Amino acid sequence: MNKFLTLLALVFLLSKASLAQQIVSFKSLGHQDEAIYGMSGAQSVYVKLSPLVQIEGSKLVLKLEPSQAVIKEHSFVNVIINDMPVYSARLTPDSIETVTINLTQQDLSQGRFLKIQVKTLLTVTDDICRDLDNPAMWLKVKDYSYLSLLKNKNANLSDINISNCFETKRAIVYPADPSLNDLKAVAWAYARLKKSQSKPILVFEADKVPDSVKNYIQVGNLGTLPDDKKSLIKVSPQSGEGLLYLAQSMTTVTDTVTQRTIVRGKPVDTKTATAEQVPAEILFVTGGDDPGYEKAITTMGNINILNSSFGQYLLIDQAENTHIQNLDENRSRLTLKQVGGASDFLSGVGSLKSAYTFKNSDFDFTPKEVEIHFMGSYSGLNPGDRGYFNIYLNGLLISSEKLDASGKLNTSVTINRYQHHKYNTLESEFRFFPTNGECKNSFINFFGEVDADKSYLESKNPFISSDLSFYQYPEAFNSGTTKVIVSKQIAKNTAGAVGEIVYELNNNVNANNFPEFLYSDAVPDGDLKKYNIIALLDKDDPLMGKFSNPPIKFQENFRLYNRDNGKTVYKVSDTSSAGIAQIFYGGGNNATLIVTATGSKPSDAFLNVSRAIGEQLSTLSSNVCVTDAASNKYLFNINKSSDNLEYVEPKSSLTRFWDTYNLYILLGILILILLSFLYVRSRVQRSQEQYND
C-alpha cells in the first residue's frame, strides 16, 4: 500500500512538473533543418525568454543528424551558450544524436536573450588535408530540437511590462467599424509585432476574437472600447492624453503539446494534453479623446520610447518621433555593421566564410549598381602558399582575388541590377591552402577577419525606368510624403493589409516613413499627383477613375491571361476571393500603389496581396500582382501593348439575356420545329386517307 501511495505521489509530481514546462521547438522559432558544412562550421539560434521563464531547471535538447560518411569517433560537436562552452564530445553511433543541456542563469545574456551556437569539427578520412572541401562533411541541427522551459514560480505579473510584452503578442484587435485612427493604430502595432517575431500576426474585429486568444493588443479610442474591456483599464487619461495600458490576469488554458521522439530510428510525434495557468495580457492603445489617441499611436512608432517603458501604463502628454529624420536623408552608403554584420575572426585552412544580408529598401532608392567593398586583415602568406578572397552574392561567385604577404584586405566589386535582388545574401570567403599540402600545422597559422565597420555597400546610381515595378517597392516611397487612402465602406477589411504595408515601408536600417491616412471621399484635388499614394480601395470606388494611366482600369471589364498557357487568371466578374495590386507613376511622376480585393473574403484577399508584393520577386518588371484564395501569386507586366490583358465591351441587356438563355431558346426552337413537322405530317397522312377512301 505504501509503495502504491508513493507511486501515486511520484506520478502527481511528474504531472505537475510537466504542466509547468513549455516546449519551444526550433521550428516554431523559424528554424528549419539547417546543415553545418565543412570540417568546422557553426550555426546560431537566438531566443528571447519571457520574465516568467525560470532559467534554472530549464533544458536545451538538441537533435543532431551527422552525415553517414563521417568517422564519428573522430568527429566532435561543441555547444556554446552565451559565448561560453557548455558541451563538447565525440559524435555517438546513433543516426540521430540527442544532446541535453541543463540551463543556468549564466547562460542568459543582457535582455534575457539565449544565444545558442553549435560548432563542429568533422572528418571523413581521418586526414585533415584530404578532408578539405569534401562535400560529405555535414551535420544537421534538426528543427524538432527544442527548449523545455520551466515556469518561474516566484515570478509575478509585475515582471511583465510594456517594454518586454511585445514578443508574446500574437494578435491585434480593432473596432468592428474602425476609424482612420484605428487603422493607423493597427498598422503601427502590426509593424512593431512583426519586427519582434517570425510568427504570423493575426487581426480580429472586437466582436470576433477567439476564446483561445489571450495575449493581444487592442486599439481604439477609450469611448469606443467594449465595456468589459474598458473596465480593465484602471487609469483614466484626460482630454488630450494618450495611454498605453497593460492589463494582466491569470487564466487556465488547455493545449496540446507535440514532442518528437525517436522510435526504432524514426521520428515519431507524441501529443499530450496540458492545462496550465498562463498570463492573459491585453495591451491597450487608446486615449482620452482623438488627439490623445493620436499621441498613443505616434508613441507606437517610436521604438526608443517603447523599449524604455518599464511600467504597466504610460500616459502621454506629448508625442513625437524624435528619431525621425528627413526621408530624403542620404542612405546611399551602408556599412556591413549597419545591415547586421559582425567582424568575425576566422582561422584554419580551406574555406572560411562569413555571411551578411541586405535589402534594396535599406538604401534610399532602388540601386542600379551597388559597390561591395571589403576591408580587413589576414595573416600574410608564405612563399608557396595559395590564398584567395572570394565574394558570393546569392550563391554565385562574383569576385575572386589572390591574397599576398601584405596581410591587408582592400577589395571591391560592382554589381548591376540583374545580379542583386530585393533581398540578398552576401558571403565573404577566405580560402587558404598551405605549401606542399602541409595543412596539419596551418590551422593555427592562418587567420582572416573582415572589418564590418569599414566594409560597406554603396548604391552608385538610382534605378530609373519609365514604368514603376514591384522590384522598386517599397523604396519608391522613401522620398517625399506618402498618403494611405482607404475606401470607407471596406475599411474594416484592410486592417491586416495596412499593417503589412506600414511594416514594409519601415523594414530597413533607418525606419522613418510615417504615412498620413485619409478616406477616399476626402482626398483633395491634386493630391493624387502631388504625393506618393498607397490606396486600398473598393473596386467600384469613384476614386478609381481619377488616377492617371494605371495599368488596369477597374471601371471597365477586363480579363488577365497567363501568357504561358493562355488561361484566364482573373476577370473582373470573378466571385472567388482575389487580391489585385498595381504599381505605377502617377500624373506628377509620383509613386502610386493601388490595392483592391474581390470575393467573399476581402480581408484575406487584401492581406495576401499586400504580403505578396513585399516578397522576393521572380521578375524585375512586374507592375500587376494577383493573388487567389490559396495565396498563389501571379505577376504581370502590363503596358499599352500587352497581349495578356483584354478589355471586354459592356453588353446590352438583350445580349446578356441571349448569353444566359441561348441554349434554352435554341432547344425551344428545335422542339417547335419538331412539333410543326409532326403536325404537318399528320395532316398530310389524314388527307391521303380521305383521298383513298
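Counting begins at 1 with the first residue of the sequence. Scope of the values below: all heavy atoms of this structure, side chains included, with no hydrogens, waters or symmetry mates. Note that the structure is a prediction, hence the values are computed from the model and not measured.
- For the residue pair L49 and V53, the shortest heavy atom distance occurs at CD1-CG1, 4.4 Å.
- The closest side-chain heavy-atom distance from N424 to N360 is below 4.5 Å.
- Annotation for K48: atom NZ counts as buried by contact number, over 12 foreign heavy atoms lying within 6.0 Å.
- Between the N416 side chain and the Q419 main chain, a donor and an acceptor come within less than 3.5 Å of each other.
- K454 contributes atom NZ, which lies 9.5 Å from atom OG of S377 (distance to the nearest 0.5 angstrom).
- Remark: T425 OG1 to Y356 OH distance equals 13.0 Å, nearest 0.5 Å.
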Take F446 and F430 through the side chain to side chain contact (heavy atoms under 4.5 Å, CB included) test and state the conclusion after the steps. CA-CA 10 Å; F446 181 81; F430 289 99; 4.0 Å; yes
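- With E97 contributing its side chain and P66 its backbone, the two residues share no donor-acceptor pair below 3.5 Å.
- Closest heavy-atom contact between S399 and V413: CB-CB, 4.0 Å.
- To the nearest 0.5 angstrom, N302 atom CG is 10.0 Å from I316 atom CD1.
- Heavy atoms only, all atoms of each residue included: S351 and R431 are closest at CB-NH1, 3.4 Å.
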Derivation and outcome, side chain to side chain contact (heavy atoms under 4.5 Å, CB included), residues F365 and N478: CA-CA 7 Å; F365 52 79; N478 280 350; over 6 Å; no
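- Counting heavy atoms from C-beta on, the side chains of E504 and N507 come closer than 4.5 Å.
- Heavy atoms only, all atoms of each residue included: C165 and I160 are closest at CB-CG2, 4.1 Å.
- Cation-pi geometry between K353 and Y37 is not met: the NZ or CZ atom fails to fall both under 6.0 Å from the ring centre and inside 45° of the normal.
- For the residue pair L60 and L147, the shortest heavy atom distance occurs at CD1-CD2, 3.7 Å.
- With hydrogens and angles disregarded, no donor-acceptor distance shorter than 3.5 Å links the side chain of Q117 to the backbone of D83.
- Residues that satisfy the side-chain contact (heavy atoms from CB on, under 4.5 Å) test with E34, not counting sequence neighbours, are H31, Q43.
- The NZ atom of K72 lies 9.0 Å from the OG atom of S67; values are rounded to the nearest 0.5 Å.
- Taking a cutoff of 4.0 Å between a charged side-chain nitrogen and a carboxylate oxygen, K194 and E500 qualify as a salt bridge.
- Looking only at side-chain heavy atoms (C-beta outward), F374 and L336 come within less than 4.5 Å of each other.
- Remark: the E449 side chain and the S343 side chain contain no N/O donor-acceptor pair separated by less than 3.5 Å.
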Next item on the list: For the pair N394 and H420, evaluate side chain to side chain donor-acceptor pair (under 3.5 Å) and give the outcome as yes or no after the intermediate values.
Entry: CA-CA 8 Å; N394 300 319; H420 64 88; over 6 Å; no
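- In this structure, L505 and P515 have side chains that are in contact, with non-hydrogen atoms separated by less than 4.5 Å.
- Applying salt bridge (charged side-chain N to carboxylate O under 4.0 Å, His left out) to D33 and the options K63, K27, K142 leaves one that passes, K142.
- Here the side chain of K195 pairs a donor or acceptor atom with the backbone of N506 at under 3.5 angstrom.
- Taking 4.5 Å as the limit, every side-chain heavy atom of I305 sits out of range of all side-chain heavy atoms of M300.
- One distance of note links CZ of R90 with OG of S88; it measures 11.5 Å at 0.5 Å rounding.
- For the side chain to side chain contact (heavy atoms under 4.5 Å, CB included) test with I217, the passing option among I201, V186, L244, V285 is V285; the others fail.
- In this structure, F363 and F358 have perpendicular ring planes: the angle between them is above 60°, well past the 30° mark.
- Taking the six-membered ring for Trp and the full ring otherwise, the centers of F447 and F345 sit less than 6.0 Å from each other.
- Side chain to side chain, Y392 and E429 meet the donor-acceptor criterion of an N or O pair below 3.5 Å.
- Counting heavy atoms from C-beta outward, L64 and V141 have side chains that approach closer than 4.5 Å.
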Just do the side chain to side chain donor-acceptor pair (under 3.5 Å) check on Y471 and N623 with the steps written out, would you? CA-CA 9 Å; Y471 178 73; N623 58 3; over 6 Å; no
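- In summary, K633 and E615 engage in a salt bridge, as defined by a charged side-chain N under 4.0 Å from a carboxylate O.
- Other residues, nucleotides and ligands place no more than 12 heavy atoms under 6.0 Å from the NZ atom of K408.
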Candidate pair L103 and L114, rule side chain to side chain contact (heavy atoms under 4.5 Å, CB included), full reasoning: CA-CA 10 Å; L103 300 176; L114 190 65; 4.0 Å; yes
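- For the residue pair E167 and S196, no side-chain donor N or O sits within less than 3.5 Å of a side-chain acceptor on the partner.
- Remark: the backbone N or O of S332 is paired with a side-chain donor or acceptor of S459 at under 3.5 angstrom.
- Cation-pi check for K184 over W188 is not met; the charged atom does not lie both under 6.0 angstrom from the ring centroid and within 45 degrees of its normal.
- Judged purely by atom type and a 3.5 angstrom limit, R192 has no side-chain atom pairing as donor or acceptor with the backbone of G301.
- Put simply, the side chain of S25 never gets that close to the backbone of Y146: no donor and acceptor are under 3.5 Å apart.
- Side-chain atoms of N608 never come within 3.5 Å of backbone atoms of S631 as a donor-acceptor pair (strictly under, hydrogens ignored).
- Between I71 atom CD1 and L91 atom CG the span is 11.5 Å, to the nearest 0.5 Å.
- Using a 4.5 Å heavy-atom cutoff, the side chains of L457 and L426 are in contact.
- Checked by atom type and distance alone, the side chain of K422 pairs as donor or acceptor with a backbone atom of Y473 at under 3.5 Å.
- Across all their heavy atoms, V450 and S455 have their closest contact at CG1-OG, 3.5 Å.
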Stepwise side chain to side chain contact (heavy atoms under 4.5 Å, CB included) test for L52 and T168
CA-CA 11 Å; L52 299 181; T168 58; over 6 Å; no
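- Proximity of S412 to E458: side-chain heavy atoms (C-beta onward) are nowhere separated by under 4.5 Å.
- N461 places no side-chain N or O within donor-acceptor distance of the main-chain N or O of E369, the cut-off being under 3.5 Å.
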